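The next block holds one structure in the form of structure tokens; read it before the comments.
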Amino acid sequence: MSTTDTGTTEGPADAPTTPGFQVDPRALTPLADARVDVELDTGDMILNMGPQHPATHGTLRLVVRLDGERVVSADPVIGYMHRGYEKLAEFRTYPQVTTLINRIDWLSSFANEVPFLEAAEKLMEVEAPPRAKYIRTILTELSRIATFLLFLGEMGLQVGALTPAFYGFRDREHILNLIEAVTGGRFHPNFNRIGGVKDDLPWGWLAECRSAMKIVFDGCDVFEDLVLGNEIFAARCKGVGIIPAELGAAYGVSGSNLRASGVDWDLRRDGEPYLAYPDLDFKVWTHPDGDSFARYWVRLQETRESARMVLQCLDAIPAGAVMAKVPLIIKVPAGEIWVETENPLGQMGYYVVSKGATGPFRVKIRSASFSNVSILPWLLRGVYVPDIITILAGLYFILGDIDR
Amino acid sequence: MGLIESGRMPKPLTHLLNYSRKYSLWMFQWGLACCAIEMGAALASPRYDMMRLGVIPFPASPRQADLVVVSGTVTDKMAPAIRRLYEQMPDPKYVISMGSCANCGGPYWDSYSVTKGIDQVIPVDIYVPGCPPRPEALMEAIVMLQERIQNEGIGNDQLAKRWRGEPITVA
Amino acid sequence: MPDETPPDAPVAETEPAEAPPALSVKQEAVLARLAEHLGDAVIECVPLFTDVVARVQPDAWPRVADVAKEHLDCDYLSFISGIDWAPAPKEGDEGSSDTSSPVQPTEMTFGVAGSAGRFQVFAHVQSTQRHWGVTFKVDLDEADPHIASWVPVYPGADWHERECREMFGFVFDGHPSLRPLYLPADFEGHPLRKDFPLLARVVKPWPGLVDVEAMPSEPEAAASESEAST
């Protein structure tokens, strides 16, 4: 932008002058010569994207200070879904805590229980039998697919595409059917026990699962064509909300969000071995860009990868018992342990402190979305208002996971 | 209309009015937690399509809604917002409390930050138990509500009370 | 599975003293670097399953963050939280057959790496490149719990410390703005302290496994059972 400054206050020689009253010298300057970088006297607007809003995924409140259409500062206010999990866990026995914690991340409920059970089993020195590990792995990956199918559908919805949302919900029903056939519940299955799983797989389930995975692959191809290939989606999402890798790590951003910034880190492969992941052969997908488009792309690839992992598990699942020998009253010996797993939303961990009673003494729940959302004040500076929605949709948090 | 508020609606007209009201509910969903996903599955998924019952979701604002379905845990921080949005709805309005968290606090009955049931804040017409209730359970709640709407004003003064915004006491 | 005995566990009478568990390569590397860069600031350092727990001096807390980021390559902040070691309030009964409420020990014991008092702050950092993690613990003064803030080194510490402040009452010096995160503005008390009661449980205790409703055809049994359970 070039600026021309006429400098003098008298104005050009042929400007009209009216005697009798003072004329603002700026009015005498022809517009083409006017200073174009004059600061207009405007005020900021505070926009409250309140706790009830269709675009925030639940009860997140964003108080955003706007300068025109640009965000000057954003302040997320959370706590509208704070249920006090860490305090409640101190008053419950271990099986009761298991029932409660699968409502933290309520889309992929099965995956929430896995780190806690690993922690309790390691402290008790009990190991779940191999078949139980495979069943747990299959159910975890199924819940990951269900969560990501919902994401693939509703991120399109957030940027304005209605069709992917229906496809996402429709394909998700097939997965929920499978989970319901095994556990009895569409989500919040409460199927895990300390030492294994509650029951064996029903007869005919393996074949059903294979056909459902075919539907998942087809669904992913549809999403790739429909959404990723759409120019509007690309224009809305490319370059929006770039998270640099080191800053993301310093904030604790994890999971697909960090992998979309190029960090090659997946606890299923790099962390401590848990469940049946050491036996599986899978690829960890990363993308160098770090914007919202990259996050969508990474999650799409991970959905396909999860479906492949489920097929591997179905082929390799061993026969045997599904529950180890544990006493009727679960008493976990005194000690502490930190277990972290790769959940659909990111890395979820439990630091369990036990004093030898039937219930934990202190459970610190490290939930993925809490750290993912804590980067919002930094990430939302300088973006336009519609980009706020895109960024929120791309980060993909669940309010229960933030607020616990 | 003065006729309805004073309770002097003739029966055939009441019947017709209720019949058309019950099949054109505009539902404001207050999806808070896990129950919101089941409510979304009931509405947006082609399997449990709730729109065939006449219930259309997503009004632009609560000022255009007849029915609010509160699904999910209500915390003490959120309760004033619920009260405010309920008061923004015009009469006659209906409330369905979905899930055990909204009914009575649910699994978080002893938490320090959870409101033990939204009926402490707003009056509720139908309670749907479950954690989370299946989409079919929510649909049954809608059907029960529709039956209730059909019977309002026929043999009782509930229609007038709803129009005036007065509380309905259940004997 | 190697098991290390925490300092407060009772000494086993019949088992011979176990050899210390074999450390993994990562654990040895972490321990070596901690010793080299922190030295005296570490009060106690214990390998815990596959991680390392290090309890450090309170005034070395900001230096710990720098060391972790630069020398341990721990660029990823997992969490910062607190723990209150005071005994839990009495919930269940020790001798009863009702097992639906946990019975916690009534004396104050400390966990891995010990503690100087009731309050501790613990933080976990990980390395995205080397795939190891360390938990740091630091003791806080019970009467006036203050500790330095990690926000200059790990910007993600912002929200974790705000949560810790409102849950426990710990004050983090150097934090840009320690305002409440979760709880409404007029909430009183610090919920995660052990002396904060859950009022719903105080008003009406959890009935537990006791089945207070009799079968429909036994009115007299119902009367006697309700008398026995109250």
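What you see is a predicted model, and the numbers here were worked out from it, not measured in a lab. Numbered from 1 within each chain, the chains take letters A, B, ... in sequence-line order.
Only the side chain of A:His188 comes within contact range of chain B, with at least one heavy atom under 4.5 Å from a heavy atom of that chain. Of the two parts of A:Asp401, neither the backbone nor the side chain holds a non-hydrogen atom closer than 4.5 Å to a non-hydrogen atom of chain B. With a 4.5 Å cut-off on non-hydrogen atoms, B:Tyr108 touches chain A through its backbone and its side chain both. Of the atoms belonging to B:Tyr48, it is side-chain heavy atoms, and not backbone ones, that fall under 4.5 Å from chain A. Proximity to chain A is absent for every atom of B:Ala36, based on heavy atoms less than 4.5 angstrom apart. Using a 4.5 Å cut-off between heavy atoms, B:Ile82 does not touch chain A at all. With a 4.5 Å cut-off on non-hydrogen atoms, A:Arg186 touches chain B through its side chain but not through its backbone. At a 4.5 Å heavy-atom cutoff, A:Leu176 makes no contact with chain B through either its backbone or its side chain. The part of A:Glu180 that comes within reach of chain B is its side chain, from C-beta onward, which places non-hydrogen atoms under 4.5 angstrom from that chain. Of the two parts of B:Cys101, neither the backbone nor the side chain holds a non-hydrogen atom closer than 4.5 Å to a non-hydrogen atom of chain A. Residue A:Ile104: no heavy atom, backbone or side chain, is found under 4.5 Å from chain B.
The aromatic rings of A:Tyr296 and A:Phe151 are tilted relative to each other, their planes meeting at an angle between 30° and 60°. Ring planes of B:Tyr19 and B:His15: parallel class, angle under 30° (limits at 30 and 60°).
Seen from the ring of B:Tyr86, B:Lys93 counts as a face-on cation partner, given the 6.0 Å and 45° thresholds. Remark: B:Lys77 qualifies as a cation-pi partner of A:Tyr80 under the 6.0 Å distance and 45° angle criteria applied to the six-membered ring.
Neither side chain, B:Ser113 nor B:Asp76, offers a donor N or O lying under 3.5 Å from an acceptor on the other.
Heavy-atom neighbours of B:Arg84 CZ from other residues, nucleotides or ligands within 6.0 Å: at or below the threshold of 12.
Two residues are said to be in side-chain contact when any heavy atoms from C-beta on lie closer than 4.5 Å; B:Leu145 and B:Asp125 meet this criterion.
Residue A:Asn190 forms a side chain to side chain donor-acceptor pair (under 3.5 Å) with just one option from A:Thr183, A:Thr99, A:Asn102, and that option is A:Asn102.
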